Amino acid sequence: MKRLEDIEFAGKTVFLRVDFNVPLDEKGEIRDDTRIRAALPTINHLLSQSAKLVIASHLGRPKGQFNPKFSLKPVAERLSQLIGKQVRLAPAVIGDEVERLKKDLNGGQALLLENVRFQAEETSNDASFAQKLAQGIDVFVNDAFGACHRAHASVVAIANYVKEKAAGYLLEKEIDYLSRAVRTPEKPYVAILGGAKVSDKIPVIESLINKADHILIGGAMAYTFFKAQGQDVGKSLVEEELKEQALAILKKAKESKVDFVLPLDHLLATAVDREAATEVASSFPFPADKMAVDIGPQTIEKYAGIVAAAKTIFWNGPLGVFEIDKFSQGTVKIAEAVAKSAALSIVGGGDSIAAVEKAGVSSKISHISTGGGASLEYLANGTLPGVEALG
Ligand code: AMP
């Protein structure tokens with residue numbers, strides 16, 4: 001995989017794929033511009049090298065049609081402010097007008113294409129659409145880590161039609177950190193997995209069983225494992241259809257050397273509601289009208305102890321319903337333990353980022369990955385379609 005430093009950009013037309021999939025409020029204004037800021041080092045480098053920059057991104061799920069709700073207009077405005085230079089927004093993704101705008105670019109100028117998902121061919125990784133995207137392009141730069149697990153035309157197929165290709169700074173940094181966890185994790189390697197669903201995390205759990213020393217499970221997904229073992233978990237969130245797979249994972253974990261840990265105790269509530277009464281349970285059955293909303297105090301202590309001894313930590317998914325303060329202790333305390341440890345710590349994904357922010361410890365994490373799905377898939381497979389495409 002080439003880096004930006006390996007390529008001479010002066011006067012070349014560069015297609016830069018970024019992840020500007022920012023959250024918008026009801027008025028269509030940007031709520032959080034972290035993703036735009038994350039691409040600035042690459043954009044500023046390319047502009048300072050006098051590249052003619054064509055930037056592409058997706059935003060939301062417009063399902064292959066133009067929809068003003070998903071226009072990149074607010075992004076073009078914010079990007080112009082951030083780089084102190086006018087960034088023109090093209091009226092479409094491909095077509096004569098777009099080609100004219102591309103040709104009109106001078107070195108050091110940037111053009112933002114409209115949302116690539118306004119074309120259905122984007123998500124089907126269509127070859128002739130990719131060829132159109134590549135028209136007049138000398139170099140393809142991918143800095144959209146959060147989209148690299150998708151085989152989409154502006155991420156994967158385009159690479160077949162452009163000679164020079166490189167990773168942007170953000171992608172390079174993501175791969176640098178994640179590959180350390182995949183290839184040469186210093187031991188003990190501790191993975192902390194939480195969140196609502198086991199279904200998203202099966203491939204990563206299977207891969208971690210062979211690599212990690214401890215896998216600490218929290219969040220609602222713990223209760224799919226308990227239910228699969230025949231425990232009565234009351235009203236806790238369970239993925240019934242995954243019980244077989246959960247049992248297979250537990251069996252594999254037992255056969256391998258990994259320490260696969262489920263919560264020892266649980267914070268129960270009558271509902272996901274800040275007013276709900278709570279109690280701690282350390283055994284089953286749970287009362288029929290109660291659900292688990294966080295890990296309990298003994299579990300916090302045990303997990304924090306394992307984290308303290310770790311040399312490598314990967315964390316994805318909150319350990320409880322952390323959005324409600326009363327149910328956020330498990331997540332916050334483990335975030336503090338991760339922050340305190342001297343390990344290489346990697347936290348991935350939207351909710352996990354929000355959790356470390358809530359705990360006020362973001363600056364003490366070695367690497368906060370911008371892509372939840374992409375980081376899980378990288379950990380599971382050791383590569384991503386978008387990374388493979390860069391050669
Ligand atoms: P995910 O997208 O799978 O990482 O799930 C994140 C969501 O899981 C957050 O919104 C949490 O509130 C939720 N969550 C975590 N623990 C629980 C739990 N015990 N019961 C219900 N939801 C939970």
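One-based numbering, in listed order, for ligands and for the atoms of each. Computed from a prediction, not measured in an experiment: that's the story for all the values here. Along the sequence shown, the residues carry numbers beginning at 1.
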Item checked: Partner set under side chain to side chain donor-acceptor pair (under 3.5 Å) for Ser57, not counting sequence neighbours ->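 Residues passing side chain to side chain donor-acceptor pair (under 3.5 Å) with Ser57: none at all.
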Margin query: So if I only count non-hydrogen atoms and take anything under 4.0 Å from ligand 1, which residues does that give, chain by chain?
Written below: Gly195, Ala196, Lys197, Asp200, Lys201, Gly219, Ala220, Leu237, Ala292, Val293, Pro318, Gly320, Val321, Glu323, Asp351
Notebook entry, point to check: Does Leu111 reach the side chain of Leu53, with side-chain heavy atoms less than 4.5 Å apart?
Noted result: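 A side-chain contact under 4.5 Å is absent here.
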Check: Hey, what's the ring geometry for His367 with Tyr177, parallel, tilted or perpendicular (30° and 60° as the breaks)?
Finding: parallel
Note to self: Is the distance between the ring centroids of Tyr378 and Phe145 under 6.0 Å?
What the structure shows: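 Ring centroids of Phe145 and Tyr378 are no less than 6.0 Å from each other.
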Next item on the list: Would you please test Tyr169 and Glu5 for side chain to side chain donor-acceptor pair (under 3.5 Å) and show each step?
Entry: CA-CA 10 Å; Tyr169 290 127; Glu5 272 69 26; 2.7 Å; yes
Note to self: Under 4.5 Å between side-chain heavy atoms, counting indirect links through other Ile/Leu/Val/Met/Phe/Trp/Tyr residues: same cluster for Tyr303 and Ile205 or not?
What the structure shows: no
